[in-house]
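Since the model is a prediction, treat every value here as computed from it, not as a measurement.
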2 protein chains.
Amino acid sequence: MDVLDFIIDSHRAVSQPELEHALVHKFDRVTLYRTLNTFNENGLLHTVADSSGSMKYALCNTHCEGNNHHHEHLHFHCTSCSETVCFEEVMVTRPTLPAGYAAVDYNFVVNGICRKCQA
Amino acid sequence: MDVLDFIIDSHRAVSQPELEHALVHKFDRVTLYRTLNTFNENGLLHTVADSSGSMKYALCNTHCEGNNHHHEHLHFHCTSCSETVCFEEVMVTRPTLPAGYAAVDYNFVVNGICRKCQA
DNA sequence: GTTTATGCAAATTCTTTGCAATACT
DNA sequence: AGTATTGCAAAGAATTTGCATAAAC
């Protein structure tokens, strides 16, 4: 619950190291990884692979059930502050793949400078 | 040159660990990281952040100059064999971002099962 | 001979694993 | 008691840093 609360309040995709730093001494590092994995497997969180070096986890929408994620929305990663956010309103058009390739999941991250770092 | 040759021959995005394993004892791990970074900064390679846990590097097209990358093409990451390829022919439509966000670079990776692992 | 690239050792960071201890039912 | 969750220690993998050596110009 503490993990979920923090992610909900942060309004962005967070990594295990961020959680560990935020919830200092409340939980062990391993517990956090296991919790994030469980939430991911059960459709509460989805992963976002950005260029920050650590996996980020963000809230799922209501269309996710279990391992069947549906996240055809955009993500933005700020190369200045390293924060990553979901743009739930900007849908990703599923591209047509060459024959023989089966899509399961989409990871679209735009890198750039966010609003906060713009100033 | 050995690094470039290997990436060209492999026809996919490769990571430093892959290179280190492929070019055993030819170069030091650190030299490979530095070479990859130099190539990336000079527009020979671009990075692809997939869910494999290590950064991948792939050949740039002719539109890249220095740090100014133009890779609005699709990438595919196979969750079975963990290989990642570029689909240069499938262009990514640059999404419209909310006000205040400035795009620099696009990282679109489709996760799924590749042709080889399909069988 | 001064710049540049390489190697080595070590440190840092992220993530996973094994096992014992604890809490839950 | 028996299952599931947590903590701790440690291992493993990816990446970076510092410094000394070797190569290139």
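- With distances taken from any side-chain atom of A/Arg34 to the nucleotides C/dG7, C/dT15, D/dT6, the minimum falls on D/dT6.
- A donor-acceptor pair is defined here as one N or O able to donate and one able to accept, closer than 3.5 Å; no such pair exists between the side chain of B/Asn111 and the backbone of A/Tyr106.
- Rounded to whole Å, the distance from CE on A/Met55 to C1' on C/dT15 is 11 Å.
- Per the geometry, CG belonging to B/Leu19 stands 14 Å off C1' belonging to D/dA14, to the nearest Å.
- Closest approach to the A/Tyr33 side chain among C/dT15, C/dG7, D/dT15 is made by C/dT15 (side chain taken as heavy atoms from C-beta onward).
- Atom-to-atom, CG of A/Leu36 to C1' of D/dT6 comes out at 15 Å; the value is rounded to the nearest Å.
- In this structure, the CZ atom of A/Arg29 is 9 Å from the C1' atom of C/dC14, given to the nearest Å.
- Closest to the side chain of A/Thr35, out of D/dT6, C/dT15, D/dT17, is D/dT6.
- Atom P of nucleotide D/dT16 and atom CG of B/Asp28 are separated by 14 Å, given to the nearest angstrom.
- B/Asn40 has its CG atom 11 Å from the P atom of D/dT16, to the nearest Å.
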Verdict with reasoning, A/Glu18 to A/Arg12, per salt bridge (Lys or Arg N to Asp or Glu O under 4.0 Å): CA-CA 12 Å; A/Glu18 284 179 88; A/Arg12 55 192 179 84; 2.7 Å; yes
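- If you measure from atom CG of B/Leu23 to atom P of C/dG7, you get 11 Å, rounded to the nearest angstrom.
- Comparing atom distances between the A/Val30 side chain and each of C/dC14, C/dG7, D/dA9 picks out D/dA9 as nearest.
- Classification of the B/Phe87-A/Tyr101 ring pair by plane angle, with boundaries at 30° and 60°, yields perpendicular.
- Distance from the side chain of B/Asn37 is smallest to D/dT16 among C/dC8, D/dT16, D/dC8.
- At distances below 3.5 Å, not a single donor-acceptor pair connects side-chain atoms of B/Glu72 with backbone N or O atoms of B/Met91.
- Candidate nucleotides D/dT15, D/dG7, C/dT16 were compared by shortest atom distance to the side chain of A/Phe27, and D/dG7 ranks first.
- Regarding B/Gln16, its CD atom lies at a distance of 18 Å from the P atom of D/dG12, rounded to whole Å.
- Among the candidates A/Thr35, A/Leu4, A/Ile7, the single residue satisfying the side chain to side chain contact (heavy atoms under 4.5 Å, CB included) test with A/Leu44 is A/Leu4.
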